[in-house]
Amino acid sequence: MEASASPMRTDFGKMVYGCEHYRRRCKIRAPCCGQIFPCRHCHNEAMSAVSNPKDRHELVRHDVKQVVCSVCDTEQQVDQVCSNCGVKMGEYFCEICKFYDDNTEKQQFHCNDCGICRVGGRENFFHCQKCGSCYAVSLRNNHFCVENSMKDHCPICYEYLFDSVKGTVIMACGHTMHMECHDEMRSQNQYRCPRCSKSVFDMSRTWEILGAEIEATAMPEEYHYEVPILCNDCNKTSRAFFHILGHKCSHCNSYNTRVIATPDAPQ
């Protein structure tokens, strides 16, 4: 007897099954190791924890060919509807990514340029060809492009950003990191991009305070000499009087600078 295609049948068990990553009514058989897991993230977490480093590996989502219905336990080829019991194994289904999810409030969509599914609604994102990833439409023509900036690891936690399930942020310098790592960096009063050392926050008020503190803190006579500096923000060189608290760039007034040589101090 053929499985019923009624809405009552297809919706059976919706949002009941799944794992901590996704609500879905199927499990996947990993083609790389032959084991069954609720999702690729569950597979990757399990495989990263195995004792033998040679056995550690990640699942390629596009390679999945077999899934197991969580309702009737039938193993079958990838499809949205179970061939045995007729339930939708995922309200959202992408045949390309072999991806299932019952929680459509995420507004999933497949980006052909990224080659994977994204969340947040297609109308709210655009694909930046140079950066190599989808960004919020508010960043169209409003961000500094770094080639393939998302196809890299977060400089804080080192998780691969391109297919991370965590939110990401693009900084003024064009580099990217996880939003939670960015917030943690701010809470630790770290203002430089870990990749290029440019200031990632508005530091104008901080530079005013630092400048006033430097003016109020006189250095001993033996330290009255100039040093050559490189500004991390504008990438220009200049000279400034040595001070233990910092050196101001004469081009952009930033104190995000570094001494690039040690001159002979006056005798």
Side-chain angles (χ1 to χ4, degrees), residues 126-162 164 166-267:
F126 76 102
H127 185 88
C128 177
Q129 295 295 340
K130 185 171 183 179
C131 294
S133 186
C134 287
Y135 290 135
V137 292
S138 60
L139 291 174
R140 192 193 297 271
N141 302 321
N142 190 33
H143 72 283
F144 184 80
C145 286
V146 173
E147 191 166 0
N148 291 324
S149 61
M150 282 290 287
K151 294 181 180 178
D152 207 340
H153 297 83
C154 175
I156 302 297
C157 69
Y158 212 64
E159 181 183 346
Y160 192 56
L161 290 167
F162 184 70
S164 173
K166 300 176 183 176
T168 57
V169 61
I170 178 170
M171 296 176 285
C173 59
H175 292 117
T176 52
M177 68 168 63
H178 285 129
M179 194 173 295
E180 62 183 38
C181 294
H182 182 264
D183 292 342
E184 177 66 17
M185 189 173 75
R186 181 194 288 269
S187 71
Q188 297 295 324
N189 295 319
Q190 299 298 315
Y191 65 89
R192 296 187 183 97
C193 169
R195 295 200 183 281
C196 66
S197 294
K198 291 185 182 297
S199 300
V200 297
F201 307 117
D202 180 4
M203 301 297 293
S204 55
R205 179 57 182 156
T206 301
W207 298 155
E208 289 179 11
I209 296 172
L210 181 57
E213 190 172 353
I214 288 174
E215 286 187 14
T217 309
M219 293 294 292
E221 186 67 30
E222 59 267 29
Y223 291 104
H224 284 189
Y225 56 85
E226 287 187 332
V227 290
I229 60 173
L230 171 67
C231 179
N232 293 321
D233 288 338
C234 70
N235 293 324
K236 293 181 180 179
T237 58
S238 58
R239 299 182 68 84
F241 280 102
F242 175 79
H243 200 286
I244 193 66
L245 295 179
H247 306 99
K248 183 178 182 178
C249 172
S250 61
H251 300 285
C252 69
N253 298 323
S254 170
Y255 280 95
N256 182 14
T257 60
R258 66 183 74 181
V259 176
I260 54 177
T262 304
D264 293 330
Q267 298 299 316

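Note that this is a predicted model, so its numbers are computed, not measured. Side chains are part of it too, since the values below use all heavy atoms of this structure and drop only hydrogens, waters and symmetry mates.
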Exercise. Answer yes or no: is there a side-chain heavy-atom contact under 4.5 Å between Tyr255 and His243?
Key: no

To the nearest 0.5 Å, what is the distance between [atom1] on [X] and [atom2] on [Y]?
{"X": "Cys128", "Y": "Ile170", "atom1": "SG", "atom2": "CD1", "value": "7.5 Å"}
{"X": "Lys248", "Y": "Asn253", "atom1": "NZ", "atom2": "CG", "value": "4.5 Å"}
{"X": "Ile229", "Y": "Ser250", "atom1": "CD1", "atom2": "OG", "value": "6.5 Å"}
{"X": "Met150", "Y": "Met177", "atom1": "CE", "atom2": "CE", "value": "12.0 Å"}
{"X": "His127", "Y": "Ser133", "atom1": "NE2", "atom2": "OG", "value": "7.0 Å"}

Self-check item: Asn256 side-chain N/O to Ser197 backbone N/O, donor-acceptor pair under 3.5 Å
Solution: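 Answer holds: yes.
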
Practice problem: Evaluate side-chain contact (heavy atoms from CB on, under 4.5 Å) for Arg195 paired with Val146, printing each intermediate quantity in order. | Solution: CA-CA 12 Å; Arg195 295 200 183 281; Val146 173; over 6 Å; no

Of all heavy-atom pairs between [X] and [Y], which one has the smallest distance, and what is that distance?
{"X": "Ala240", "Y": "His247", "answer": "CB-CB, 4.0 Å"}
{"X": "Phe242", "Y": "Val227", "answer": "CB-CG1, 4.1 Å"}
{"X": "Cys154", "Y": "Cys181", "answer": "SG-SG, 3.8 Å"}
{"X": "Cys234", "Y": "Cys249", "answer": "SG-SG, 3.7 Å"}

Quiz item: Is atom OH of Tyr223 surrounded by more than 12 heavy atoms (other residues, nucleotides or ligands) closer than 6.0 Å?
Solution: no

I'd like to check the side chain to side chain contact (heavy atoms under 4.5 Å, CB included) partners of [X]; sequence neighbours left out, ordered by chain and number.
{"X": "Phe241", "value": "Glu226"}
{"X": "Thr237", "value": "Leu230, Ile260"}
{"X": "Lys198", "value": "Cys173, Cys196, Asp233, Asn235"}

Exercise answer: donor-acceptor pairs, residues 203-219 side-chain atoms, under 3.5 Å, sequence neighbours excluded:
| unit_1 | atom_1 | unit_2 | atom_2 | d |
| --- | --- | --- | --- | --- |
| Ser204 | OG | Asp202 | OD1 | 2.9 |
| Arg205 | NH1 | Glu208 | OE1 | 3.0 |
| Thr217 | OG1 | Glu213 | O | 2.8 |

Practice problem: Would you list the pairs meeting side chain to side chain donor-acceptor pair (under 3.5 Å) in which at least one residue belongs to residues 140-158, sequence neighbours left out? | Solution: Tyr135-Ser149

Quiz item: Does anything in residues 168-187 pair up under side chain to side chain donor-acceptor pair (under 3.5 Å), and if so which pairs, sequence neighbours excluded?
Solution: Ser164-His178, Lys166-Glu180, Glu184-Gln188

